[in-house]
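Step one of this worksheet: look at the structure below.
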Amino acid sequence: MKLTITHLYPAELNIYGDWGNIITLRKRLKWRGDTVEYQPIHIGDDYDFTQTDIVFGGGGQDKGQIAAADDLAERAPNIHRAVEEGVVFLTVCGTFQLFGNSFTTATGSELPGVGVFDAETAGSQERLTGNMAIQTRWGELVGFENHGGKTYLSAGQSALGRVVYGNGNNGEDRFEGAIDKNVFGTYLHGPLLPKNPHFTDELLKRAIERRGGDTALEPLDDSLAERAVEVAKQRPQ
Ligand code: GLN
């Protein structure tokens, strides 16, 4: 099967190892014999998100978000259509914030959001930084967070998981990330996917299912990643 991976704003939103998420998606598909097309999307590019399979958007400085926000907001109707059609989105930190309703930076810039997640983010003077583990319906996910923005989900918005240790969305309500249809938002960098291969496979299964493919994925040797997670969990929190 051939799948397309779309990378949103690799120049502006791509920090703390986020690039590793793209590598992991590609590798796990290729190891199982699938063909992968990589499609970076830059500010101003003409693009129809309903045509792709998996979209990844990473984190960045507020500066990178300010640069990308208007371009992203213009794409909102097309992104909503892709979401309705079951395209898989993984949005980390800065992109997660921009997939909510709005992000007001600590210096008062009000950035429009795509409004996929019913959530608001506001910058703060405090930084929420460190190793994090969360409990999700796909098991535990580990990673690293570093953000000044605090995200608050509206009452009807599902979180991706609950914080086991770390801060998550705001350091207060123990919620971490958000989920809606095949769209995932999280503050987990690290990068997320190489450390959490079972979660990577969940994303791949959803993308393959949308194309009518076989979702019984061939098992891969994840023993090194599993050992790395055990080590990460022993680290100071
Ligand atoms: N600039 C945003 C914040 O600090 C996002 C940070 C990030 O993507 N790691 O909240």
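We count ligands from 1, going down the list as the structure has it; atoms in each ligand are counted the same way.
Using a distance-only test at 3.5 Å, with no hydrogens or angles considered, no donor-acceptor pair links the side chain of Asn78 to the main chain of Asp48.
None of Ile79, Asn182, Val116 except one satisfies the side chain to side chain contact (heavy atoms under 4.5 Å, CB included) rule with Phe89; the exception is Ile79.
Inter-residue side-chain proximity for Phe103 and Asp62 is flagged as met; some heavy-atom pair is nearer than 4.5 Å.
The aromatic rings of Phe199 and Phe184 sit perpendicular to each other, their planes meeting at more than 60°, with 30° as the lower class boundary.
Ring-centre distance between His189 and Phe144: not below the 6.0 Å cut-off.
The side chain to side chain donor-acceptor pair (under 3.5 Å) check on Thr95 picks up nothing, with sequence neighbours excluded.
For ligand 1, the protein residues within 4.0 angstrom (heavy atoms only) are Ile15, Tyr16, Gly59, Gly60, Gln61, Asp62, Gln65, Cys93, Gly94, Gln97, Arg127, Asn146, His147, Gly148, Gly149, His189.
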